[in-house]
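See below for the structure under consideration.
Predicted model only: the values in this text are computed from it and were never measured.
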Amino acid sequence: MLAIAERRRACLPQEGFLVSREIEDTRVLADFAGQEHEADLRAELLDELAALTAALANGGFYHRDCHAGNLLVRPEAPAGRRLFVTDLHAIRRRRVGLR
């Protein structure tokens, strides 16, 4: 992480930002939609995405802006280490429930 910033209004924090380094050799998950030559990789990424989503939810973390543009993929990385979540200010921690 390079920096943390905070926007305030009337001395109260309104929004926080994290500034980090670029994750090299990544593409947004949306780039993999409809590319038939990467069908096997897409299937693997779907399994990894399901596991990541379950791990976040089991920890009580919910991404309120989760879409393919906020997920980065490093295709050449080993399985289980390919996905990166961005737009972290949209993540909230809540009590884990049955839902």
Side-chain angles (χ1 to χ4, degrees):
M1 181 171 29
L2 298 176
I4 298 174
E6 185 175 75
R7 187 175 63 179
R8 293 176 171 260
R9 183 178 300 151
C11 297
L12 297 173
Q14 297 295 312
E15 208 169 355
F17 305 91
L18 299 175
V19 180
S20 63
R21 295 186 187 280
E22 176 185 6
I23 302 172
E24 294 180 11
D25 303 323
T26 58
R27 295 166 36 198
V28 292
L29 185 62
D31 288 350
F32 291 87
Q35 296 180 1
E36 296 303 323
H37 64 281
E38 295 180 341
D40 291 340
L41 177 59
R42 281 198 342 251
E44 291 175 17
L45 288 174
L46 187 59
D47 290 340
E48 290 179 38
L49 180 59
L52 175 64
T53 303
L56 288 172
N58 287 338
F61 294 98
Y62 298 90
H63 197 302
R64 298 179 339 160
D65 190 23
C66 190
H67 56 79
N70 282 337
L71 296 164
L72 300 179
V73 178
R74 184 181 287 157
E76 287 73 33
R81 301 188 55 113
R82 291 181 227 185
L83 290 175
F84 299 88
V85 179
T86 63
D87 204 9
L88 298 179
H89 75 277
I91 292 180
R92 299 292 184 262
R93 176 146 170 128
R94 299 183 183 151
R95 192 177 72 163
V96 178
L98 293 177
R99 288 183 12 195

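- When each of Thr26, Thr53, Leu45 is paired with Leu83, the side-chain contact (heavy atoms from CB on, under 4.5 Å) condition holds for Leu45 and for no other.
- For the pair His63 (side chain) and Thr86 (backbone), a donor-acceptor distance under 3.5 Å is present.
- Results of the side-chain contact (heavy atoms from CB on, under 4.5 Å) test with Leu29 over Asn70, Leu49, Leu72 single out Leu49 as the only residue that passes.
- For residues 74-83, the set of pairs meeting the side chain to side chain donor-acceptor pair (under 3.5 Å) definition, not counting sequence neighbours, comprises Glu44-Arg82, Glu48-Arg82.
- Under the 4.5 Å side-chain contact rule for hydrophobic residues, Ile23 and Val28 share a cluster.
- Remark: Phe61 CZ to Leu52 CG distance equals 12.0 Å, nearest 0.5 Å.
- Applying the side chain to side chain donor-acceptor pair (under 3.5 Å) criterion to Arg8, with sequence neighbours excluded, gives Glu6.
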